[in-house]
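Here's the structure we're looking at; comments come further down.
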2 protein chains.
Amino acid sequence: MLDKSYRHIGCENCKSRNNSLFASFCDSDVDIMNSAKTCAFYKKNQPLFLERSAPRGVYCINEGKVKIFGRGEEGKEQIIHLAVAGEIVGFRAMFSGEPYTVSATTLEDSNICFINKADFLDMVDTNPSLRNGIMKELSIELAERATFVTNMAQKSVRERLASSLVILNDIYTNELINLSREDLANFVGTATETLIRLLKDFKDEELIKTHARKIEILNKDGLLKVAGG
Amino acid sequence: MLDKSYRHIGCENCKSRNNSLFASFCDSDVDIMNSAKTCAFYKKNQPLFLERSAPRGVYCINEGKVKIFGRGEEGKEQIIHLAVAGEIVGFRAMFSGEPYTVSATTLEDSNICFINKADFLDMVDTNPSLRNGIMKELSIELAERATFVTNMAQKSVRERLASSLVILNDIYTNELINLSREDLANFVGTATETLIRLLKDFKDEELIKTHARKIEILNKDGLLKVAGG
DNA sequence: CCGAAAAGGTGATTTATATCAGGTTTAACC
DNA sequence: GGTTAAACCTGATATAAATCACCTTTTCGG
């Protein structure tokens, strides 16, 4: 039996590519990428890269989920983004010329391909539609992050949790939200204890239901109302 | 006397261009830009563009300062960025294909040039070094904004104010920080009253000194220490 | 230069949320 | 399958910061 860790997954068969920045690739583009990349299996909670380290390339999620997070002064994580299948992780650092300012870790068992920096930049250089896709992606994320800052500054924890649960509901399509309470707290930006108490409130209000650690959304509109807006 | 509002300022004479994304432009690039752009004088507190409106082009600050801000549910401003001379404002929206998600308003009397979308995108398309500069800029800002989110989520208002004052000290080079208490509060992400009280604390601790509304930094290291590091 | 409006400031009060200090359940590993 | 650690949860308490209400100073248009 082949070692699962290194089994190559062809991009032509990758179901996640359709909703990725590589969706518009023609056959020859796919060939180039196939020969440039390496595939790897990551167990849950394995790091892809760490803050302050030098970027070596980009990570393309075939299957699984990845959290992108920074750390505050006392080491507490702040989750900035949750990346799902089809997303390319770490490409911002390809252009900034600086070390990573955030870390990336798998949230569940994942298949993730790697394309090294030179190959990736070469593809960007020679493929205008990929390039435009990336510029668009960077711009949209920048706008999203402005809203993120505003929400952090002005919304209560209760409002942020409601809004986060709706976002997570879209990230965990056709499955229950499956994050540790600590990760959830670090996404919302609060203390774990506060998060647990608020989850209980939401349960009492029949907005959500918990199945052990997993969270089911019962009333999305209700949550949106709590989130304010 | 010429109407000041429409006096053309040649890019070749623009002192702010050296520390801008257009710094690497050759003479012919500058010519193209000179004929594409229009110049305008903006009084203090005049809007460049408003949230939800359609982007028509980019704004290049020859002289002056501009605040970029979003609004929370109750309309409270959250200042996301303060742009100074040399900065190009609004170029993110050129690539996102979406309306502005933030607004931009002058903080002081300013000279600002405008380049329309088609001309700007044309320059980006034909000028790889400009393009790379923009991709780098987008990436760096994305990283900065991740830190911004983390600070909002984890730092106290006192810490954020200290850190903000240090940032503002760099923005207001060779002059005193000159922002309304409300703008400062909206930058830090707090209530105006809280901000005023904390400023008083900092005065008592001899970290800063106020000259009417203007703020002088007396002890930058002290502020950095308060900011937590 | 005057009057109105905006900005700046102070005090008292409330409250959301962090923090500390346990206790219990779940998961993981030899 | 039992032991240990990690995750989850609860309660009590402290406090940073928002809010409300008000007064004072500065700014600016006429």
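Each chain gets a letter, A, B and so on, in the order the sequences are listed, and its residues count up from 1.
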Map B:Leu195 and A:Arg213 onto DNA chain D by nearest heavy atom, then report which one ends up closer to the 5' terminus. A:Arg213

Give a yes or no on this: more than 12 heavy atoms of other residues, nucleotides or ligands lie within 6.0 Å of atom CD of A:Glu182. no

Residues in ring pair (Phe, Tyr, Trp, His ring centres under 6.0 Å) contact with B:Phe114, at least two apart in sequence or another chain: B:Tyr59

Tell me: CZ of B:Arg181 to C1' of D:dT26, nearest whole Å? 12 Å

Quick one: do A:Glu77 and A:Lys67 make a salt bridge, cutoff under 4.0 Å? yes

In whole angstrom, give the distance that lies between atom CD of A:Glu193 and atom P of D:dA12. 15 Å

Less than 3.5 Å apart, any donor N or O on the side chain of A:Asn219 or A:Glu206 sitting next to an acceptor on the other? no

If an axis is fit to five pairs at each end of the helix from C:dC1-D:dG30 to C:dC30-D:dG1, what is the angle between the two, to the nearest 10°? 60°

Might you confirm whether atom NZ of B:Lys76 has over 12 heavy atoms from other residues, nucleotides or ligands at distances under 6.0 Å? yes

Whole angstroms only, please: what is the CD1-P distance between B:Ile196 and D:dA17? 16 Å

Measure from NZ on A:Lys44 to C1' on D:dA6 and round the result to the nearest Å. 12 Å

A:Thr194 near the nucleic acid: base, sugar-phosphate alone, or nothing, with a heavy-atom cut-off under 4.0 Å? base

Return the set of residues passing ring pair (Phe, Tyr, Trp, His ring centres under 6.0 Å) with A:Tyr100 (not counting sequence neighbours), or none when no residue passes. A:Phe49

Name all pairs fulfilling the side-chain hydrogen bond (donor to acceptor under 3.5 Å, both in side chains) condition that reach into residues 79-94 of chain B, sequence neighbours left out, sorted by first residue then second. B:His81-B:Glu87, B:Arg92-B:Glu141

Rounding to an integer number of Å, can you tell me how far B:Leu198 CG sits from D:dT15 P? 17 Å

In this structure, how many angstroms lie between the P atom of D:dC8 and the NZ atom of A:Lys203, rounded? 11 Å

Separation of D:dT19 atom P from B:Glu74 atom CD, nearest Å, is 8 Å

Sub-4.5 Å side-chain heavy-atom contact between A:Lys117 and A:Val58: no

Below the 4.0 Å mark, does D:dC9 have OP1 or OP2 next to a side-chain nitrogen or oxygen of A:Arg197? no

Taking CD from B:Glu182 and C1' from D:dT26, how many angstroms apart are they, rounded to a whole number? 16 Å

Can you work out whether A:Ala212 or A:Val157 has the more 5'-proximal nearest nucleotide on DNA chain C? A:Val157

Taking any heavy-atom pair under 4.0 Å as a contact, classify A:Thr190: base, sugar-phosphate, or nothing. sugar-phosphate

More 5' along DNA chain D: A:Ala153 or A:Leu179, using each one's nearest nucleotide? A:Leu179

Output all residues satisfying salt bridge (charged side-chain N to carboxylate O under 4.0 Å, His left out) with B:Glu175, sequence neighbours left out; order by chain, then residue number. B:Lys65

5' to 3' on DNA chain C, which nucleotides open and close the contacts with chain A (atom under 4.0 Å from a heavy atom)? C:dT17 to C:dC20

Between A:Phe148 and A:Phe187, what is the ring plane arrangement, given parallel below 30°, perpendicular above 60°, and tilted in between? perpendicular

On DNA chain C, check which nucleotide each of A:Arg158 and B:Lys200 is closest to and give me the residue with the more 5' one. B:Lys200

